[in-house]
2 protein chains.
Amino acid sequence: MAPQDDVRREVALLLRRLNVELDAVGQRFAHLHGLNRTDVRALVAIMDATRRGEPMTPGRLGEAVELRSASVTALVDRLERVGHLRRIRDDVDRRRVVLEMSDSAMAAGGEHFGGLAADLAAAMEGYDDEELAVVHRFLLDMTDVVTRHARES
Amino acid sequence: MAPQDDVRREVALLLRRLNVELDAVGQRFAHLHGLNRTDVRALVAIMDATRRGEPMTPGRLGEAVELRSASVTALVDRLERVGHLRRIRDDVDRRRVVLEMSDSAMAAGGEHFGGLAADLAAAMEGYDDEELAVVHRFLLDMTDVVTRHARES
DNA sequence: CCTAATCTCTCGATGATCGAGATTATCGAC
DNA sequence: GTCGATAATCTCGATCATCGAGAGATTAGG
């Protein structure tokens, strides 16, 4: 066994641990705002899509969070009821509904996850350009491997 | 804005993307075996604890996956019914029940997640000792920050 | 031995999710 | 135009995961 195999195993364990803790952050946000896991995943998906300039619809949201249309309707009803988003009929294709996050939801998300992002950025101060490049390449590689496993058959 | 801020933002995004994809792997495993997310989290928690030599009990499991005792009973019932684990009364403290994973469940988990672990290890071949050390330190730092956020108040 | 504390389980209620199908809107062919 | 096919969303009834409250069993400490 190569001497760096220990490090490899530790790195793999750290990836999983990081995953668990990131989930815990999401869960904490959910609990603080009276939401469940799915609701948070949905809000994040909507926020991401909106940020990319692709308006979110119930159909796309269902794909993103892996729910059937009936469940998406219930999900959107929930979030709309507590004021986190609005349904807006698309004028171009009037079958479609565009989901728009409310300012309050954006603010809440920004405060919670923005704080985390800032702390992560701060922690990255301890790395120079070269080291960050290594980390970047590493994360790309790992994400690639994991994505392949997530999509298989 | 410093020139490496772009890299920092990208690294943060990659961390989140990795989180999403790792969840997807878990979800895929769950779907393949007729389980739900919680069931998989529970099996992983039991496997980890067992590997550390700390026998898992319903109480500890409830803390690990954040469920009330009533839900843990239902969860263990489900997993026991499909043969993924056994309840064993502890002879020392007879109030306690020790949860033991079945060989079939261990094998299924090993096949699915072991394959991923092997691919991750293979991908790490592209890094020398020094680079792996940087990655290791980075993951420790990030996990630390995230854990603090997960635990806060 | 009592009493309090601990661990697990039971029961009834709530709510998230699903499958099947209804509803409304768009598109292409004629 | 208008008709059938397709698409996006929603409704309904059923199922099951989760919870709160509390019961039953066991242990630990005076």
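These figures come from a predicted structure and were not determined experimentally.
Counted within 6.0 Å of CD on B/Glu54, heavy atoms from surrounding residues, nucleotides or ligands total more than 12; the atom is thus considered enclosed. Other residues, nucleotides and ligands contribute at most 12 non-hydrogen atoms within 6.0 Å of the CZ atom of B/Arg60. A 6.0 Å sphere centred on CZ of B/Arg68 holds no more than 12 heavy atoms belonging to other residues, nucleotides or ligands.
Here B/Glu63 pairs with nothing under the salt bridge (charged side-chain N to carboxylate O under 4.0 Å, His left out) rule; sequence neighbours left out. Every residue meeting the side chain to side chain donor-acceptor pair (under 3.5 Å) condition with A/Arg37, not counting sequence neighbours, appears here in chain and number order: A/Gln27.
For DNA chain D, the neighbouring residues in residues 40-61 of chain A, judged by any heavy atom under 4.0 Å, are A/Thr57, A/Pro58, A/Gly59.
Rounded to whole angstrom, the span from the CG atom of B/Asp77 across to the P atom of D/dC16 amounts to 14 Å. Across the protein-nucleic acid pair, A/Leu35 atom CG and C/dG15 atom C1' stand 14 Å apart, rounded to whole Å. The interatomic distance linking B/Arg37 (CZ) with D/dC16 (C1') rounds to 16 Å, in whole Å. The CZ atom of A/Arg96 sits 13 Å away from the P atom of D/dA7 (whole-angstrom rounding). Atom pair A/Arg87:CZ and C/dT24:C1' shows a separation of 15 Å (rounding to whole Å applied).
Of all the heavy atoms in B/Pro58 and B/Leu99, the pair that sits closest is N-CD1, 3.9 Å.
A cation-pi geometry, defined here as NZ or CZ lying under 6.0 Å from the six-membered ring centre and within 45° of its normal, does not hold between A/Arg8 and B/Tyr127.
Between A/Phe113 and A/Phe29, the ring planes lie tilted relative to each other; the angle falls in the 30° to 60° range.
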Protein-nucleotides 17-21 of chain C N/O pairs under 3.5 Å:
from   : atom 1 : to      : atom 2 : distance (Å)
C/dT17 : OP1    : A/Thr38 : OG1    : 2.6
C/dT17 : OP2    : A/Arg78 : NH2    : 3.1
C/dC18 : OP2    : A/Arg68 : N      : 3.0
C/dC18 : OP2    : A/Ser71 : OG     : 2.6

What pairs of nitrogen or oxygen atoms, one from the protein and one from nucleotides 26-29 of chain C, lie under 3.5 Å apart?
from   : atom 1 : to      : atom 2 : distance (Å)
C/dT26 : OP1    : A/Arg94 : N      : 2.9

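Salt bridge present: A/Arg9 and A/Asp6 bring a charged side-chain N and a carboxylate O closer than 4.0 Å. A salt bridge is absent between B/Asp77 and B/Arg81: the closest approach of a Lys/Arg side-chain nitrogen to an acidic carboxylate oxygen does not fall below 4.0 angstrom.
Contact between the side-chain N/O atoms of A/Arg89 and the OP1/OP2 oxygens of D/dA8 is not found at any separation under 4.0 Å.
Evaluation of the salt bridge (charged side-chain N to carboxylate O under 4.0 Å, His left out) test over residues 99-122 of chain B, restricted to residues two or more places apart or in two chains, returns B/Arg86-B/Glu100.
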